[in-house]
There are 2 protein chains.
Amino acid sequence: MVKRTSFEGDSCPIARSLEALGDWWSLLIIREALFGIRRFGEFQSRLGMAKNILSARLRSLVDHGILETAPASDGSAYQEYLLTPKGRGTFPILVALRQWSEAFDDHPEEIATILVDRAKGRPVKKLEMRAEDGRLLSPADTTLKPRPARRRSA
Amino acid sequence: MVKRTSFEGDSCPIARSLEALGDWWSLLIIREALFGIRRFGEFQSRLGMAKNILSARLRSLVDHGILETAPASDGSAYQEYLLTPKGRGTFPILVALRQWSEAFDDHPEEIATILVDRAKGRPVKKLEMRAEDGRLLSPADTTLKPRPARRRSA
DNA sequence: CAACATAGTTTCATTATGCAACCACTGGAG
DNA sequence: CTCCAGTGGTTGCATAATGAAACTATGTTG
């Protein structure tokens with residue numbers, strides 16, 4: 001097979017997430033959805049992408065349980081695309097990508113927006129990794145362990 | 001031109017990060033690099049990807065300042081690929097992707113490894129978004145503001 | 001120097017992307 | 001009901017990216 005390789009059966013959770021999110025458009029569609037965009041035409045005009053690609057991506061995101069189609073909302077008979085909890089769960093990923101750009105982009109002056117705390121209008125703090133007990137962890141403070149076998153329960 | 005669209009000039013920091021990281025392999029290469037993989041052949045055998053694609057991706061990552069080539073390390077005359085600070089800065093992105101899979105994957109039993117605090121052997125806490133003053137923020141507690149114009153300084 | 005390993009590049013078939021054109025359905029005006 | 005613009009797609013075709021395998025060029029070992 002010369003198909004584009006799929007990570008569907010991969011045991012690495014990063015590869016598995018890329019299976020659903022790892023193409024050029026999916027995360028941008030989710031970004032728009034988090035902003036409240038719901039309609040096909042809105043996605044299309046805001047992202048400036050071809051309609052067939054958008055159509056394929058929306059279908060893929062629905063298949064992966066990230067979006068769901070709702071029958072209506074503004075009274076019209078059209079449908080719209082809403083984030084599921086799984087879809088809203090990508091928020092930290094988007095924040096991490098955003099903060100990485102803010103920190104390391106070669107031309108940060110071209111970045112138009114900053115993510116701020118709505119209450120104070122101040123930038124949000126950088127994401128940090130902490131242990132269960134709250135200690136701040138660096139990458140070197142972490143390691144991978146095999147997942148414990150599921151305990152047989154029923 | 002029917003080229004794949006580039007996000008290079010886009011003002012959205014998420015799009016800008018996807019320009020460098022948003023393909024199927026780049027983040028997996030970085031994942032391996034964070035594990036200490038440095039050599040072409042090691043990447044190739046561990047990821048099982050075609051050598052031409054690996055070659056192109058490594059070049060792209062070097063061009064984006066995420067990897068750099070170092071002349072040697074084990075004495076041999078070959079070169080190796082090392083993460084730059086910018087490359088190591090992607091760690092939160094990978095953690096976010098991993099945690100998203102752990103939380104929402106449809107077949108979590110297929111996930112082989114968990115990320116743990118090395119000192120205690122316990123899973124790391126989920127990434128959380130906080131305000132400057134430490135308040136925990138939900139997506140709804142945040143908003144985007146236009147980046148303040150650079151203050152003319154010299 | 002012969003033989004083998006490493007690190008790629010080249011070639012070619014297959015797939016995905018992107019644009020434009022086309023089609024189906026909706027909702028409103030007449 | 002008919003016409004018609006707007007919405008939400010699908011289809012066709014050209015081009016670009018991907019992937020497997022073969023090939024090349026060094027480096028390394030015996």
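Letters go in sequence order (proteins before strands), and every chain restarts at 1. All values below come from the heavy atoms of this structure, side chains included, with hydrogens, waters and symmetry mates left out.
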Margin query: With a 6.0 Å cut-off (strictly less than), is the heavy-atom count around CZ of B:R135, excluding the residue itself, greater than 12?
Written below: yes
Notebook entry, point to check: Which listed nucleotide (D:dT28, C:dC19, C:dT26) is nearest to the side chain of A:A77?
Noted result: C:dT26
Notebook entry, point to check: Nearest of D:dT11, D:dT18, D:dG27 to any side-chain atom of B:I53?
Noted result: D:dT18
Margin query: Within the 4.5 Å heavy-atom criterion, are B:P71 and B:Q79 side-chain neighbours or not?
Written below: no
Notebook entry, point to check: Does A:R98 reach the side chain of B:L144, with side-chain heavy atoms less than 4.5 Å apart?
Noted result: yes
Between [X] and [N], does any side-chain N or O lie under 4.0 Å from OP1 or OP2?
X     : N     : result
A:Y81 : D:dG9 : yes
A:Q44 : D:dT7 : no
A:R39 : D:dG8 : yes

Margin query: Would you compute the distance between atom OG of A:S101 and atom CD1 of B:I93 and round it to the nearest 0.5 angstrom?
Written below: 7.5 Å
Margin query: Please compare B:K51 and B:D23 by the position of their nearest nucleotide in DNA chain D and report the one closer to 5'.
Written below: B:D23
Starting at [atom1] of [X] and ending at [atom2] of [N], how long is that distance when rounded to a whole Å?
X     : N      : atom1 : atom2 : result
B:Q79 : D:dT28 : CD    : P     : 13 Å
A:F40 : D:dG6  : CZ    : C1'   : 14 Å
B:R38 : C:dA7  : CZ    : P     : 13 Å
A:I37 : D:dG8  : CD1   : P     : 12 Å
B:M49 : D:dT18 : CE    : P     : 9 Å

Next item on the list: Measure centre to centre between the rings of B:F7 and A:W25, then say whether the value is under 6.0 Å.
Entry: yes
Next item on the list: Under 4.0 Å from any atom of DNA chain C, heavy atoms only: list the residues of residues 54-67 of chain B that qualify, in numerical order.
Entry: B:S55, B:R59
Margin query: Side chains of B:S60 and B:D63 only: does a donor on one sit below 3.5 Å from an acceptor on the other?
Written below: no
Note to self: Could you check whether any side-chain N or O of A:Q44 sits under 3.5 Å from a backbone N or O of A:L54, counting only pairs where one atom can act as donor and the other as acceptor?
What the structure shows: no
Notebook entry, point to check: Does A:Y78 or A:W25 map to a spot on DNA chain C nearer the 5' end, using the closest nucleotide for each?
Noted result: A:W25
Next item on the list: Between B:E42 and A:N52, just flag the one whose closest nucleotide in DNA chain C comes earlier from the 5' side.
Entry: B:E42
